[in-house]
Amino acid sequence: MKTDTEMDIDSEEDQKKLLMQQEITIVKRMSHISHKIAVMSGKGGVGKSTVSVNLAAAFALENYQTGIIDVDLHGPDVPHMLGVENAILKQSPQGILPVKAMENLEVLSIEFMLPVKGAPIIWRGPKKTGAIRQFLSDVTWGNLDVLVIDNPPGTGDEPLTVLQSISPLDGVVMVTTPQAVAGEDVRKCVNMVKGLNIPILGIIENMSGFTCPHCHEEINILGKGGGKQLAEELDVPYLGSLPIETGVGKTQDQGKPFILENPDSEISKKFIKIVSKIENKVFNSKK
Ligand SMILES: Nc1ncnc2c1ncn2[C@@H]1O[C@H](COP(=O)(O)OP(=O)(O)OP(=O)(O)O)[C@@H](O)[C@H]1O
Ligand SMILES: [Mg+2]
């Protein structure tokens, strides 16, 4: 019979083996995905999920086989924004299958795994890291051209796990608002990404100005220009700005990306310009 200490050593070794196996599986799974882009911000509520969903929808519209993964364990908004919040995950012999949201676009979110809708996730660091790594190792995406990863705010367990587990990442799209208070938090996030030698694809300034639909006067609700200034200061590319538009919240509630619903709106036109800048950086004008 083994002593407690021997059993501890065994279970520690088993744990290490399991982690190594998981690592190998993640590398294998990720090798079927040509490009990986993380969307991040040091600040909450600045539009990361909005940018992620519309970026993924724009890629899908251009016939790129696209996946989007929502690693926001505490506030998984992507399924609702794509109208698939009630989907149930299915299993294949190769692993868990992501949910189809539209032609060329598949989604994976912790939301699909909750036993009860609306149940909160109350996990500490290691459990969160474990859940994300399991996500990455258990799901079979097949061959994808691009995977977009929507992150929760800050520099905590979830973004750090993404940056360390998904390798190589093509880069990070950083979202901010024009406010200095957002800029301060985003600066920390940029420095974390730089510290891990991962490229910053650029900064997007969201909620940048608002044109009144009645009098057409422009009102700078949160100011303007903070994102560009931050990009210059941190010596990272600036991708452009997106205005506040009243239709954004409504289309999201209906589970539809705004670029598909209102392709001629000012925000969609600006977004498409940003997408083409990202494509030039990531796909190198291939395809
Ligand atoms: N340009 C915009 N115009 C109008 N509303 C917007 C715009 N961008 C985002 N929103 C709204 O702002 C809110 C926050 O956006 P979103 O959920 O994308 O932010 P987030 O950074 O992902 O938030 P969290 O930090 O909670 O994950 C949402 O209600 C969204 O509809
Ligand atoms: Mg979000």
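In listed order, ligands and their atoms are each counted from 1.
- Only protein N, O or S atoms were scored, and 1 of them lie under 2.8 Å from the Mg ion (ligand 2).
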side-chain hydrogen bond (donor to acceptor under 3.5 Å, both in side chains) between S49 and D150, worked out: CA-CA 6 Å; S49 302; D150 179 30; 2.6 Å; yes
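- Partner of V190 under the side chain to side chain contact (heavy atoms under 4.5 Å, CB included) criterion, chosen from T155, D185, I200, L230: I200.
- Residues Q22 and G130 share a closest heavy-atom pair of NE2-O, 4.4 Å.
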For a quick test of your reading: what N or O donor-acceptor pairs under 3.5 Å do the side chains of residues 86-96 make, sequence neighbours left out?
from	atom 1	to	atom 2	distance (Å)
S92	OG	Q94	N	3.1
S92	OG	Q94	OE1	3.4
S92	OG	G95	N	3.4
S92	OG	G95	O	3.1

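- Between F283 and F59, the ring center distance clears the sub-6.0 Å criterion.
- At a threshold of 4.0 Å, the pair E184-K43 does not count as salt-bridged, since none of the basic side-chain nitrogens sits closer than that to a carboxylate oxygen.
- H216 places no side-chain N or O within 3.5 Å of a backbone atom of T211 that could act as its donor or acceptor partner.
- Put simply, the side chain of V53 does not reach to within 4.5 Å of the side chain of Q252, judged on heavy atoms.
- Screening residues 224-240 for salt bridge (charged side-chain N to carboxylate O under 4.0 Å, His left out), with sequence neighbours left out, gives R187-E233, E218-K224, K228-E232.
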Name each N or O atom in ligand 1 that is under 3.5 Å from a protein N or O, and give the partner atom and the distance.
from	atom 1	to	atom 2	distance (Å)
ligand 1	1 (N)	N206	OD1	3.0
ligand 1	1 (N)	P243	O	2.9
ligand 1	3 (N)	E245	N	3.0
ligand 1	8 (N)	N206	ND2	2.9
ligand 1	18 (O)	S49	N	3.4
ligand 1	18 (O)	T50	N	2.9
ligand 1	18 (O)	T50	OG1	2.5
ligand 1	19 (O)	G47	N	3.0
ligand 1	21 (O)	G45	N	3.4
ligand 1	21 (O)	V46	N	3.1
ligand 1	21 (O)	G47	N	3.0
ligand 1	21 (O)	K48	N	2.9
ligand 1	21 (O)	K48	NZ	2.7
ligand 1	22 (O)	K48	N	3.4
ligand 1	22 (O)	S49	N	2.8
ligand 1	22 (O)	S49	OG	2.9
ligand 1	23 (O)	G45	N	3.2
ligand 1	25 (O)	G45	N	2.8
ligand 1	25 (O)	K48	NZ	2.7
ligand 1	27 (O)	D72	OD2	3.4
ligand 1	31 (O)	Q252	OE1	2.4

